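Okay, so here's the structure we're looking at.
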Amino acid sequence: MAADYTKILDKLVRLNRGMNLKLREGTTTLDVNIYNQTLLTLDLECDNVDKHSEYIYNEIIALENVNMYIPSVYIKED
């Protein structure tokens with residue numbers, strides 16, 4: 001069973017105060033902000049954040065020199 005990255009991404013954003021994901025209106029560009037600073041800009045194939053949640057999560061946790069709480073990912077094996 002694969003991990004549900006939609007829930008994991010939601011938890012990452014919720015547990016890091018000031019972090020938010022903002023999809024630019026009319027585009028497929030996603031900005032990852034902490035407070036008023038844009039840390040990361042991602043160009044997605046479509047405007048469905050849930051569909052790209054694993055990619056977004058992996059890009060956020062790969063950021064260097066950013067202090068944040070990263071929740072553990074548990075993948076249940078069958």
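Only heavy atoms go into these numbers, but all of them, side chains included; no hydrogens, no water, no symmetry mates. This one's a predicted model, so the numbers in the text were calculated from it and none came from an experiment.
Smallest separation of non-hydrogen atoms from Thr41 and Asp31: OG1-OD1, 3.0 Å. In plain terms, the two heavy atoms of Pro71 and Tyr57 that are nearest each other are O-OH, 3.3 Å.
Here Thr27 contributes atom OG1 and Asp47 contributes atom CG; the two are 8.5 Å apart, rounded to the nearest 0.5 Å. Remark: Lys11 NZ to Ile8 CD1 distance equals 8.5 Å, nearest 0.5 Å. Atoms OH and CG, on Tyr5 and Asn58 in that order, are 5.5 Å from each other to the nearest 0.5 Å. A distance of 7.0 Å separates OG of Ser53 from CG of Asp4, quoted to the nearest 0.5 Å.
Defined by atom type and a distance below 3.5 Å, a donor-acceptor pair is present between the side-chain atoms of Thr29 and Asp43.
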Leu30 vs Ile56, side-chain contact (heavy atoms from CB on, under 4.5 Å): CA-CA, chis, key distance, verdict: CA-CA 9 Å; Leu30 179 77; Ile56 296 166; 3.5 Å; yes

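At a threshold of 4.5 Å between non-hydrogen side-chain atoms, the residues Val32 and Thr38 do not count as touching. Residues Leu44 and Tyr55 are in side-chain contact: their nearest non-hydrogen atoms beyond the backbone lie under 4.5 Å apart. Contact check for Ile70 versus Met68: side-chain heavy atoms found under the 4.5 Å cut-off.
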Donor-acceptor pairs are to be reported for all side-chain atoms of residues 14-23 against protein atoms at under 3.5 Å, with residues two or more places apart or in another chain.
residue: Asn16; atom: OD1; partner: Tyr69; partner atom: N; Å: 2.7
residue: Asn16; atom: ND2; partner: Leu12; partner atom: O; Å: 2.7
residue: Asn16; atom: ND2; partner: Tyr69; partner atom: O; Å: 2.7
residue: Asn20; atom: OD1; partner: Asn33; partner atom: ND2; Å: 3.2

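Legend: residues meeting side-chain hydrogen bond (donor to acceptor under 3.5 Å, both in side chains) with Asn36, ordered by chain and number and at least two apart, are absent.
Of the possible polar contacts, none joining the Thr28 side chain to the Cys46 backbone as a donor-acceptor pair under 3.5 Å is found.
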